[in-house]
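Structure first, then comments.
By convention in this document, chain letters (A, B, ...) are assigned in the order of the sequence lines, proteins followed by strands, and residues within each chain are numbered from 1. Keep in mind that the numbers below use all heavy atoms, side chains included, and drop hydrogens, waters and symmetry copies.
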Amino acid sequence: MREMITTNLPVFIIIAPLFVSFILPTLSKRIKLVENLVISVEILGIALAVYLVSIILAQRGMPLIYQMGGWSAPWGIELKAGSLGAFFALAIAIVGLPVALFSKGNLSVEVGAEGRTARYYTLYLLLIGALTGMALTNDLFNVYVLVEVATLSCVGLVSSQKRPQAAKAAFRYLILATIGSAFVLGGIGFIYIITGHLNMGFASQKLSDIWQNNPRVVWTAFSFMLVGFGVKSAVFPLHIWLPDAHSVAPAPASAVLSGLAVKGYLFCLLKVLYFVFGPSLMQVYSVHRILVLAGMIAIVAGSILALAQSELKRRLAFSTVAQVGYIILGFGLVNTKGLAGSLFYLLSHAVIKSALFLSAGAIVNVTGKKHIKDLAGIGKKMPVTMAAFTISSLGLVGIPLLSGFIGKWNLLLGSLETENLLPVIVIIAGSVFCAAYLFPVIRIAYFEPAPDNDLKDPGLPQKIALILLSIMIIVLGTVPGSVLELANRAAAELLAVL
Amino acid sequence: MRELIDKLIVNYPYVAALIIFVIGAMTVLTRSNVFKKLLGINIMESAIFIMFVASGNIRGGSAPILNGNNSEALFINPLPSALMLTGIVVSVSVSAFALALILRLYRSYGTTDLRRIALMGNEVADK
């Protein structure tokens, strides 16, 4: 039994949410059952992800390989759960549960009728399933299909509120994301045309032999991949869809969009860059310089744009643009410290940004006010919500003993290794900017007199979700232990120095 | 120069794909009508499909159907065509979804022009 679970683990972890997601629309009349099903699937997801991580750590990074339908590697679709895949699967699971808990009970207020709630959950689980698939798949065309599933469910989540702006933001997002997919598919096409393989391992081997025969095709494939995944993951000049989409979505949806969906595309980009093209080819084409430059521009520009926003959720959305910069910058450092820092930052930002969006959503739902200046005295009325907001803001800034610090510290060490001082300065400046756009919210919420009205913290499941996320931020920051080890192993796997 | 032109003529499906891709991209980016944007996206995707299918083609090859007599025949590579079947399905679902969103946009804003929708954005929302 145990062996059966272990061999089939990479599939179980993907199809559990997918199967349940298609049952949900039939249960649209029994919304309590739907909510409990989603939460139990998420708990199962955490159990499977933790088990997967423990197996990978026990095997010292040896990947679990599963061949779909029993067809072996170059012909069939291969799932490969190495340290990297397990790391992202863990990130998805630990963010997915609090977000599902937060949606319990008060979602129908945000999306309208109860039938819409069931459909919202269908999209949510489809997104979780597709992201887990992206984490584990080892096949390029499979990546494209999962990216499309994730994109359509993201757009569905954005449009789930009945407001006209939701349709507008969703349409804009759909158009730009589909342009991104077209570029990704084109990039996959170029790789397939010159290598004849869709399996990442085989394509990579073939590519390192023959790239000199087709240097321009490789160059085109690189740029198609960068632009395609860049649009989808909102790398700075390609971010224009993000602020609208993430600020009009319901609170739990913007948490999962900002926390996980953007990371999923970044993660696919990482896999394609390192597992298909490989670090040496990246250096030949100077792609690592482009990534570092794009990261630095994103950090500075995203932070400045975030400072200019007066709406809380829009400020958080622009902050995502800046934080994506850190992750992209880490991808371009091409050393173990930088990559491990980037991956750890990816996880920590997923947790922190979900906590921020959830607490912002709770505040907006209770007070009905979107602007930061209207939040005076909220800290005394909604202590749990504001405490979660404060902890996660401190975490995002990178205060020691909170999770953001460890990611940023490793990124700093990684940039010092490349002997280029500019990224170091930008990383530190980014933290200062981050404090500049988040701390005023805390100051207004705690130190300005509260108006006389009867505001309360949200319900129990929402409080549990916020507390869970805050605890995770503190635990990841104080005892990163095996998670950091997994990130280090994943970085070693990316650089092929096992 | 002559060599380059010869190469382009031999690889005409790829040149066609490139031209169609650029036409599609220009349509999406420069037109403000939502239907034209949607059509542009479909054109872009068609270009990618053409590229894929052309990459599996072998001149003079036949469809890979093995019936005992033709085991020596030259077959084209069926994999890219099969992949593009999936691609077409994805593209159809994106179009369907986009049309549903267009319907919602038209019902709330009364126009299909994105520039006008952007201008009147917040007034409709505050109602």
Query raised in the report: Quick one: what part of V28(B) sits under 4.5 Å from any heavy atom of chain A, side chain, backbone, both or neither?
Result: side chain
**Report entry** Heavy-atom pairs under 4.5 Å with chain A, option from G56(B), S55(B), A54(B) with the top count
**Finding:** S55(B)
Requested in this report: Say whether, by atom type as modelled, one donor and one acceptor occur between the side chain of R104(B) and the main chain of S159(A) under 3.5 angstrom.
Outcome: yes
Report task. Identify the residues of residues 194-205 of chain A whose heavy atoms come closer than 4.5 Å to a heavy atom of chain B, ordered by number, or report 'none'. Result -> L198(A)
Query raised in the report: In terms of heavy-atom pairs under 4.5 Å, which option from A25(B), S91(B), P80(B) contacts chain A the most?
Result: P80(B)
Query - Portion of L83(B) that has a non-hydrogen atom of chain A nearer than 4.5 angstrom - result: both
Requested in this report: Check whether any side-chain heavy atom of E148(A) sits under 4.5 Å from a side-chain heavy atom of V94(B), and report yes or no.
Outcome: yes
Requested in this report: List the atom of I117(B), the atom of K168(A), and the distance in Å for their closest heavy-atom pair.
Outcome: CG2-CD, 3.3 Å
Requested in this report: For the residue pair T178(A) and E45(B), establish whether any side-chain heavy-atom pair is separated by less than 4.5 Å.
Outcome: yes
Query raised in the report: Do the ring planes of F141(A) and F52(B) sit parallel (below 30°), tilted (30 to 60°) or perpendicular (above 60°)?
Result: perpendicular
Report summary line: Among I41(B), L79(B), L114(B), I102(B), the residue with the most heavy-atom pairs under 4.5 Å to chain A is I41(B)
Query raised in the report: Side chain, backbone, both or neither: which part of V155(A) has a heavy atom under 4.5 Å from chain B?
Result: both
Query raised in the report: Counting heavy-atom pairs under 4.5 Å to chain B, which of G189(A), A166(A), A177(A) comes out on top?
Result: G189(A)
**Report entry** Proximal component of V34(B), with respect to chain A [non-hydrogen, under 4.5 Å]
**Finding:** both
Report task. For R314(A), enumerate each residue passing the side chain to side chain contact (heavy atoms under 4.5 Å, CB included) test, keeping only those at least two apart in sequence or located in another chain. Result -> P243(A), D244(A), S247(A), Q309(A), E311(A), F318(A)
Report summary line: Note: A182(A) and I48(B) closest approach over all heavy atoms is O-CD1, 3.5 Å
Query - Side chains of T86(B) and Y144(A) in contact at under 4.5 Å (non-hydrogen atoms) - result: no
Query raised in the report: So which of L176(A), L185(A), I188(A) has the biggest tally of heavy-atom pairs under 4.5 Å with chain B?
Result: L185(A)
Requested in this report: Could you pull out the closest heavy-atom pair between L152(A) and S93(B), with the gap in Å?
Outcome: CD1-OG, 4.1 Å
Query raised in the report: With a 4.5 angstrom heavy-atom cut-off, which part of F224(A) approaches chain B: side chain, backbone, both or neither?
Result: side chain
Requested in this report: Could you tell me whether the side chain of I179(A) reaches within less than 4.5 Å of the side chain of L29(B), counting heavy atoms only?
Outcome: yes
**Report entry** Derivation of the ring pair (Phe, Tyr, Trp, His ring centres under 6.0 Å) call for Y14(B) and F190(A)
**Finding:** CA-CA 11 Å; Y14(B) 299 107; F190(A) 286 120; 8.3 Å; no
Report task. Kindly state whether the ring of F97(B) and the ring of F171(A) have centres lying under 6.0 angstrom apart. Result -> no
